[in-house]
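Scroll down for the structure; my scribbles are underneath it.
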Number of protein chains: 2
Amino acid sequence: MFISTYENKLDKKGRVSVPASYRSQINKDGFDSIICYPSFTLPTIEFCPQSRLDKIIEAIDNLNPFDENRDIFATSVAANSHKLNFDSEGRVTMVHKLLKHANINSKVLFVGQGKTFQMWDPSNFKRFSLSAQKKANLKRAELKWKSEN
Amino acid sequence: MFISTYENKLDKKGRVSVPASYRSQINKDGFDSIICYPSFTLPTIEFCPQSRLDKIIEAIDNLNPFDENRDIFATSVAANSHKLNFDSEGRVTMVHKLLKHANINSKVLFVGQGKTFQMWDPSNFKRFSLSAQKKANLKRAELKWKSEN
DNA sequence: CCTTTTATGGGATATCATGGGATAACATGG
DNA sequence: CCATGTTATCCCATGATATCCCATAAAAGG
């Protein structure tokens with residue numbers, strides 16, 4: 001389970017420590033690397049285990065072949081995904097293109113999303129989370145209802 | 001079952017003893033840690049067992065991966081939740097951000113809520129519970145009035 | 001009372017995040 | 001096939017932080 005948020009620094013080699021609690025979760029799932037790709041809709045980098053990427057690709061594959069979103073998703077996910085290996089200190093080296101997508105310079109904010117996590121520019125996230133919180137408050141009841149059924 | 005209230009102290013390392021009766025309840029449920037997050041509506045910190053968060057995350061995970069609500073819920077729930085481990089004396093180290101949300105300085109008030117519990121600033125709680133009591137009285141009067149008609 | 005559990009304080013130790021040098025892998029052009 | 005520059009790995013050092021462990025005080029229970 002990836003929860004909470006952690007702010008870490010990018011060094012000049014483009015490396016950043018993945019929070020220890022995230023790392024131990026990844027190891028527990030039996031992986032020594034992590035998949036990342038740009039979010040479709042937000043200025044953030046998505047991180048997930050290999051197993052989840054497999055599922056996402058399958059979900060896209062199951063879309064109607066004539067759905068115009070299919071190609072967009074397929075390209076966005078498969079072509080833009082990267083596998084990052086951990087060094088012996090638990091860091092990964094970030095891909096420059098992805099950092100640019102998320103507008104990240106020197107500080108990075110890891111944001112837990114349950115089964116996945118994201119990497120944000122800290123000030124960008126602050127803005128997003130404010131509006132997310134408001135929307136979530138409005139729609140929370142809806143989720144509850146669904147989860148009970 | 002978490003019942004009654006207990007007032008304990010935060011030490012200068014940010015640690016606080018979880019009341020023994022709460023701890024034994026948590027252990028009985030088979031957990032060696034506890035999840036906490038800011039209340040959506042009140043200046044208090046909510047505590048619940050891991051299993052409760054797991055269910056919510058599962059519900060979110062079952063949403064369509066391309067649904068924008070998914071990001072919103074995931075952020076509002078997962079990013080704001082923290083897992084706290086007990087030390088060998090039954091204390092947890094509090095997250096500064098949460099203390100700020102609840103306006104807690106040195107004294108903390110544990111408030112049992114049945115299946116969950118809360119952590120309040122003692123004087124804040126007094127104020128909020130008084131006004132809650134007034135509202136309850138008003139509604140009770142109203143209820144009575146209705147039932148008599 | 002006396003014993004046991006609980007709450008609190010603080011020093012010692014381990015873990016984590018970060019920086020940077022040294023080495024190895026790689027691609028490219030001659 | 002070699003030379004060279006680039007990039008990615010590996011390794012060690014260090015400061016900050018969190019965790020472990022022991023000591024003591026306060027409270028609860030028999």
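Proteins come first, then strands; the chains are lettered A, B, ... in the order of their sequence lines, and each starts at number 1.
Checking side-chain atoms of A:Asp67 against main-chain N and O of A:Leu63 turns up no donor-acceptor pair under 3.5 Å. Of the possible polar contacts, none joining the A:Gln118 side chain to the A:Ile45 backbone as a donor-acceptor pair under 3.5 Å is found. Without hydrogens or angle criteria, B:Ser17 side chain to B:Pro19 main chain gives no donor-acceptor distance under 3.5 Å. Between the side chain of A:Arg91 and the main chain of A:Phe86, no donor-acceptor pair closer than 3.5 Å is present. Between the A:His101 side chain and the A:Leu42 main chain, a donor and an acceptor come within less than 3.5 Å of each other. With hydrogens and angles ignored, the 3.5 Å screen pairs a side-chain donor or acceptor of B:Ser129 with a backbone N or O of B:Lys126. Put simply, the side chain of A:Thr44 gets close to the backbone of A:Met119: a donor and an acceptor are under 3.5 Å apart.
Heavy-atom distances under 4.0 Å link DNA chain D to B:Lys13, B:Arg15 of residues 7-19 of chain B, given in residue order. Taken residue by residue, residues 101-109 of chain A places no heavy atom nearer than 4.0 Å to DNA chain D. Listed by residue number, B:Ser88, B:Glu89, B:Arg91 are the residues of residues 84-95 of chain B with a heavy-atom contact under 4.0 Å to DNA chain D.
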Subject >> Intermediate values then yes/no, side chain to side chain contact (heavy atoms under 4.5 Å, CB included), A:Val95 and A:Leu84 >> reply: CA-CA 9 Å; A:Val95 177; A:Leu84 304 181; 4.3 Å; yes

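Residues A:Val111 and A:Met94 do not share a hydrophobic cluster, defined by chaining ILVMFWY side chains whose heavy atoms lie under 4.5 Å apart. With hydrophobic clusters built from ILVMFWY side chains whose heavy atoms lie under 4.5 angstrom apart, A:Val92 does not share a cluster with A:Ile35. If you chain together hydrophobic residues whose side chains sit under 4.5 Å apart, B:Ile56 and B:Phe73 fall into the same group.
Between B:Trp120 and B:Phe128, the gap from one ring centroid to the other is short of 6.0 Å.
Taking 4.0 Å as the cutoff to heavy atoms of chain B, we find the contact window on DNA chain C bounded by C:dT6 to C:dG11.
Sequence neighbours left out, the pairs with a member in residues 12-61 of chain B that pass ring-ring contact (aromatic ring centres under 6.0 Å, His included) are B:Phe2-B:Tyr22, B:Tyr6-B:Tyr22, B:Tyr22-B:Phe117, B:Phe47-B:Phe117.
Using a cut-off of 4.0 Å between Lys/Arg side-chain N and Asp/Glu carboxylate O, A:Glu89 and A:Arg15 are scored as not salt-bridged. We find that A:Asp29 and A:Lys115 are not joined by a salt bridge, their nearest charged nitrogen and carboxylate oxygen being 4.0 Å or further apart.
Between the C1' atom of D:dT7 and the NE2 atom of A:His82 lies a distance of 16 Å, rounded to the nearest Å.
The terminal axes of the helix from C:dC1-D:dG30 to C:dG30-D:dC1, fitted over 5 pairs per end, subtend an angle of 40° to the nearest 10°.
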